[in-house]
Amino acid sequence: MVHQRPALHADGALMDTAAMAPLDQTAIVLYFVLLGICGYFTRRSQSFSDYAVGRHSVPATMVFASLAAAIIGPGFSVGSAGKAYDGGFLFYFLCLSYAAQTIAVGFFIAPRLTAHRDCSTLGDIMRKCYGRQAQLLTGLICIGLLVGFTAVMGRIGAEMLGEITGWPLATCLIAVTGATALLTFTGGVRATVATEALQFVLFAAAVPVMLWIALSRGPASLQEVSQRASELTAQGFAHTTALQMFAIALSFMLGEALQPTYVNRALAARSASGSRAGFVAAGSYVAVWLAIIALIGIVGRIVLPANLPPDSVFVALARHVLPVGMYGLLLAALLGIVMSSQEATLNSASVSLVRDVVPKLAELPDRVSLALAKFATLLLAALSILISRYSPSIIDGLMILYSVWAPTILLPLIAALYIKEPRPLAGGMAIVAGGVVSLAWRTLLHEPHGIPAILTGLGAAGLAYYLGHTLGRPVAASPTQVPARP
Amino acid sequence: MTFLAGIVFPIVSILCAIAVAVALVRYIADVYSDTQGRK
């Protein structure tokens with residue numbers, strides 16, 4: 001029996017309940033049953049180390065799958081297809097900076113992170129090198145970024161669930177973030193890694209098949225698609241200045257570099273070589289994935305109606321070309337990837353709260369620390385539901401946090417991994433100077449001459465770090481040290 | 001570029017998915033036996 005889909009909506013709202021055939025809905029249910037089975041076998045955290053870093057036992061393939069799943073989420077799939085719909089391969093070429101950054105992290109940073117076997121968070125590493133104040137600042141920035149990210153992902157997931165089920169937004173928000181919080185509560189980083197790997201398997205197989213079906217069913221040959229891609233890319237280059245391209249590439253390269261959830265993967269890796277292999281493979285895969293997504297956007301330009309909202313191109317093409325059942329599976333995988341991203345952020349945020357912001361909690365007996373981290377997960381999830389429900393400027397807030405992430409944390413962290421005797425003064429000064437200059441450049445001066453805040457912030461952080469390193473004393477002389485958990 | 005993105009890269013992606021699927025089964029078995037062993 002062949003199910004006929006309703007016609008495409010002009011406003012790009014393509015996932016409404018009426019569009020879901022029973023087979024699609026069955027595929028969604030089956031997908032979540034599979035996820036539940038996967039979760040059942042991996043969700044047992046018996047210690048704080050289990051919950052935070054999986055007792056440093058995650059193999060290279062799982063580091064790769066987990067990172068890749070986190071990267072190829074809705075932003076890089078739905079968002080990039082929309083960009084290619086307008087500008088061909090231009091956005092792909094700029095996004096390659098992200099792949100290059102991940103590969104560079106794999107070669108030069110991740111193995112050194114993995115070597116910190118006594119650390120559970122990024123803040124722990126900062127404390128070892130720069131003292132307690134740097135750990136507190138790092139923890140607060142991490143939690144702000146992670147809760148903001150959980151809220152944004154919750155909102156995206158809730159809107160998707162609302163379009164599938166027809167439920168009101170508030171119910172969907174509680175359903176998506178609440179279910180994720182419960183999964184995180186009962187599991188830990190190893191369970192998160194397993195569910196992320198499952199999302200990766202499905203997404204990495206289904207999306208290329210979707211592209212092949214679109215190419216084979218579409219009205220244009222591969223040569224004609226290539227011709228259209230060249231035209232769109234040339235238009236993209238013509239409408240974007242060199243400074244704009246530089247700013248986009250730089251933001252992609254540094255905006256998400258060494259984010260808490262990625263650092264968490266490096267800390268959870270079984271070995272330094274496994275961590276290196278996982279990051280390098282994930283970076284290489286991103287280059288492959290983004291090209292596939294870009295071509296999906298270009299094919300969408302040929303197959304779909306003109307002037308669709310860019311963010312609806314990916315789902316519109318999926319609905320247009322995929323057979324019944326597979327479309328439902330793809331939507332479920334998209335929703336699943338949102339939830340697994342939330343799992344990773346909630347896990348990192350709760351561990352950071354216990355370890356970095358209130359370290360007295362981490363000095364309690366292991367079982368108590370574990371219980372507190374789990375309780376913090378529920379608390380932060382509730383906070384993120386409130387933010388995503390009542391804060392209209394949530395994306396703006398998150399963008400500000402992204403713009404301060406690299407200037408505040410990146411430079412001191414890399415320096416901590418390479419300099420033999422880092423000075424606490426240098427770390428503190430770099431975090432404060434990078435954050436203040438970046439925020440002022442963005443919010444008060446509105447990025448004059450198009451120079452990105454991330455660049456000025458990094459410059460200020462570099463200068464402050466140099467001064468602090470010249471004037472300060474090594475961490476061994478600092479009286480603020482807290483002993484690390486073995 | 002279109003040939004790479006339309007033919008070669010999708011094959012690479014599907015091969016990656018198969019490799020991860022195999023590794024995932026082993027990983028789940030390892031984690032499950034590990035947690036059972038520590039009970």
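All figures in this text were calculated on a predicted structure; none of them were measured in a lab. To find a chain, count down the sequence lines: A is the first, B the second, and so on, and within it residues start at 1.
- Across A21(B) and V201(A), no two heavy atoms sit closer than the pair N-CG2, 3.6 Å.
- Interatomic distance, C16(B) SG to F200(A) CZ, rounded to the nearest 0.5 Å: 5.0 Å.
- Atom CZ of R217(A) has more than 12 neighbouring heavy atoms from other residues, nucleotides or ligands inside a 6.0 Å radius.
- Taking 4.5 Å as the limit, every side-chain heavy atom of V288(A) sits out of range of all side-chain heavy atoms of V8(B).
- Residue Y92(A) touches chain B through its side chain alone, counting heavy-atom pairs closer than 4.5 Å.
- The contact between I7(B) and chain A is made by backbone and side chain atoms together, counting heavy-atom distances below 4.5 Å.
- Smallest separation of non-hydrogen atoms from W212(A) and P10(B): CZ2-CB, 3.4 Å.
- By number of non-hydrogen pairs under 4.5 angstrom with chain B, the leading residue of A281(A), A204(A), A291(A) is A204(A).
- For L295(A), the part sitting under 4.5 Å from any heavy atom of chain B is the side chain, from C-beta outward, and nothing else.
- With a threshold of 4.5 angstrom between heavy atoms, L222(A) approaches chain B through its backbone and through its side chain.
- In terms of modelled atom types and a separation under 3.5 Å, the side chain of W289(A) and the main chain of F9(B) share no donor-acceptor contact.
- In this structure the side chain of V58(A) reaches within 4.5 angstrom of the side chain of Y27(B), judged on heavy atoms.
- Between the CD atom of Q227(A) and the OG1 atom of T2(B) there is a distance of 9.5 Å, given to the nearest 0.5 Å.
- Residues M62(A) and V20(B) share a closest heavy-atom pair of CE-O, 4.0 Å.
- How far CD1 of I28(B) is from CZ of R190(A): 12.0 Å, rounded to the nearest 0.5 Å.
- Minimum heavy-atom separation, A5(B) to L211(A): O-CD2, 3.4 Å.
- With a 4.5 angstrom heavy-atom cutoff, L4(B) does not touch chain A via any of its atoms.
- In this structure, the portion of A229(A) lying under 4.5 Å from any heavy atom of chain B is its side chain and not its backbone.
- Both the backbone and the side chain of L198(A) come within less than 4.5 Å of a heavy atom of chain B.
- Expressed to the nearest 0.5 Å, how far OG of S230(A) lies from CE of M1(B) amounts to 11.0 Å.
- Side-chain contact, Y285(A) with S13(B): a donor N or O sits under 3.5 Å from an acceptor N or O.
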